[in-house]
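A short write-up of the structure that comes next.
In what follows, every chain begins at residue 1, and chains take the letters A, B, ... in the order their sequences are listed.
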Number of protein chains: 2
Amino acid sequence: MSTYCKFETALDILVGKWKPVILLRLFANGTMRFSELQRAIPDITKKMLTQQLRELEYHDIVHREIYQQIPPKVEYSITEYGQRMTPLLQAMNDWGEGHIEHLNELYGEDPTTESPERS
Amino acid sequence: MSTYCKFETALDILVGKWKPVILLRLFANGTMRFSELQRAIPDITKKMLTQQLRELEYHDIVHREIYQQIPPKVEYSITEYGQRMTPLLQAMNDWGEGHIEHLNELYGEDPTTESPERS
DNA sequence: CAGTATCCTGCCGGATACTG
DNA sequence: CAGTATCCGGCAGGATACTG
């Protein structure tokens, strides 16, 4: 294990097409049912929603509460441990906001200006 | 543009297989030549090194200094603006470090314990 | 309602060869 | 030395159908 840097670890946990949105919704709304999340994030599929939630659950960021009943009911929320990354998320959010402005200063606000393509 | 969250922006800039290592090397060593970076990151190909550096350059995180001479010499460094994300990187690093310990407490330190597979 | 199970595709990143 | 130019495989993520 490399000794010089653990910030890739933080990255790994946040990376995933839908993790940011999911986390933001849960941080904002508190507890949410599976279907509520689906409605809040219209373009996500059940498969992706499940998968990303499971990964967050594995990392103890998200808690999954199952109500044994029919029809099923499952609620998701940020764990107590998960709350601890609020400052980090806030820091990233602030930096991101500042960076958007910075890019605008550099390249102008013309929306046709694209960032460089990969490959 | 969504108003609720800009932290995906921060994520975008850091995401890329080699960006963390590249940034860390540049932050640690200051100015580095292309070949130095290559040697410092043995498994990276020229293509990827170039590509990731260009993306960071576009975002004004990395500066590219070209010396018009033969043989060519190009030096990379963190821009002044780029320095501003030091606290963020530090925060992510610290959080990541703490998180590794947290996972160990949850699942034990057994290296055979794997995180859940995707798909 | 809250998921799995399959199948499929785009594109990220690797390998290799060529160039000013 | 510091890159491009091509080609290619693997896998993250999408579409769709089925289930307790």
Side-chain angles (χ1 to χ4, degrees), chain A residues 8-9 11-23 25-26 29-59 62-77 114-119, chain B residues 8 11-26 29-59 62-77 114-119:
Chain A
E8 295 190 79
T9 313
L11 233 37
D12 285 342
I13 287 139
L14 278 339
V15 167
K17 184 159 181 197
W18 304 97
K19 284 186 194 157
V21 215
I22 294 173
L23 286 175
R25 300 280 25 152
L26 286 178
N29 299 19
T31 299
M32 291 179 80
R33 301 187 56 169
F34 187 85
S35 50
E36 287 184 287
L37 280 164
Q38 259 201 110
R39 257 177 279 111
I41 312 168
D43 289 343
I44 199 172
T45 62
K46 295 174 180 209
K47 178 192 164 191
M48 286 313 294
L49 183 52
T50 307
Q51 183 197 102
Q52 307 268 298
L53 281 167
R54 292 291 146 84
E55 290 180 26
L56 292 168
E57 190 192 358
Y58 172 84
H59 285 281
V62 160
H63 173 68
R64 180 164 175 255
E65 184 75 35
I66 306 150
Y67 296 83
Q68 285 296 352
Q69 60 181 53
I70 292 176
K73 174 177 169 181
V74 179
E75 285 183 340
Y76 294 91
S77 55
E114 299 285 321
S115 52
E117 301 294 330
R118 291 168 162 249
S119 86
Chain B
E8 295 190 80
L11 232 38
D12 286 341
I13 288 140
L14 278 340
V15 167
K17 185 160 179 194
W18 304 97
K19 284 185 194 158
V21 216
I22 293 173
L23 286 175
L24 264 282
R25 296 304 348 176
L26 285 178
N29 299 17
T31 299
M32 291 180 81
R33 299 186 56 168
F34 187 84
S35 48
E36 287 184 287
L37 280 165
Q38 258 201 112
R39 257 177 279 112
I41 312 168
D43 289 344
I44 200 172
T45 62
K46 296 174 179 207
K47 177 193 165 191
M48 286 314 293
L49 183 53
T50 306
Q51 184 199 99
Q52 306 268 296
L53 281 167
R54 292 291 146 83
E55 289 179 28
L56 292 169
E57 189 192 358
Y58 172 84
H59 286 281
V62 160
H63 173 68
R64 180 163 176 255
E65 183 75 34
I66 306 151
Y67 296 82
Q68 285 295 352
Q69 59 181 54
I70 292 177
K73 173 177 169 181
V74 179
E75 285 183 341
Y76 294 91
S77 55
E114 300 285 320
S115 52
E117 302 293 330
R118 290 166 165 251
S119 86

(message) In whole Å, I'd like the distance from the CG atom of B/L49 to the P atom of C/dG13.
(response) 14 Å
(message) Minimum heavy-atom separation for A/I44 and A/M48, please, with both atom names.
(response) CG1-CB, 3.9 Å
(request) Look at the side chain of B/K73 and decide which nucleotide, out of D/dA2, D/dG14, C/dA2, has an atom nearest to it. (result) D/dA2
(request) Would you indicate what B/Y67 reaches in the nucleic acid, counting non-hydrogen atoms under 4.0 angstrom: base, sugar-phosphate, or nothing? (result) nothing
(request) Rounded off to whole Å, could you give me the CD-to-C1' distance for the B/Q52 and C/dC12 pair? (result) 10 Å
(message) How many whole angstroms separate atom CZ of B/R54 from atom C1' of C/dG13?
(response) 17 Å
(request) State, to 0.1 Å, how close A/Y76 and A/L26 come at their nearest heavy-atom pair, and which atoms those are. (result) O-CD2, 3.6 Å
(request) When you get a sec, tell me which of C/dC1, D/dG3, C/dG13 is the closest nucleotide to the side chain of B/V74? (result) D/dG3
(request) Find the distance A/I44:CD1 to D/dT16:P and express it as a whole number of Å. (result) 16 Å
(request) Identify the nucleotide, in any strand shown, that forms a Watson-Crick or G-U wobble pair with C/dT19, with both distances under 3.5 Å; if there is none, say none. (result) D/dA2
(request) Starting at atom CD of B/Q68, determine the distance to atom P of D/dA2, rounded to an integer number of angstrom. (result) 13 Å
(request) Return the value, rounded to whole Å, for the distance between atom NZ of B/K47 and atom C1' of D/dG9. (result) 12 Å
(message) Just to be sure I understand the rule, does A/K46 reach a base, reach only the sugar-phosphate, or reach nothing, if contact means heavy atoms closer than 4.0 Å?
(response) base
(request) Examine C/dC1: is either OP1 or OP2 under 4.0 Å from a nitrogen or oxygen in the side chain of A/R33? Give yes or no. (result) no
(message) Taking only side-chain N and O atoms of A/R39, does any of them lie within less than 4.0 angstrom of OP1 or OP2 on C/dA2?
(response) no
(request) Identify which nucleotide among C/dA2, C/dG3, D/dG14 has an atom closest to any side-chain atom of A/P72, counting heavy atoms from C-beta outward. (result) C/dA2
(message) Does a side-chain N or O of B/S35 approach OP1 or OP2 of D/dA2 to a distance below 4.0 Å, or not?
(response) yes
(message) Tell me whether the count of non-hydrogen atoms from other residues, nucleotides or ligands lying under 6.0 Å of CD1 in B/I66 goes above 12.
(response) yes
(request) In whole angstrom, give the distance that lies between atom CE of B/M48 and atom P of D/dT6. (result) 19 Å
(request) Return the value, rounded to whole Å, for the distance between atom NZ of A/K17 and atom P of C/dC12. (result) 11 Å
(message) Between B/Q51 and B/W18, does the side chain to side chain contact (heavy atoms under 4.5 Å, CB included) criterion hold? Intermediate values first, please.
(response) CA-CA 10 Å; B/Q51 184 199 99; B/W18 304 97; over 6 Å; no
(message) Strictly distance-based, threshold 3.5 Å: is any side-chain N or O of A/Q52 a donor or acceptor partner for the main-chain N or O of A/K19?
(response) yes
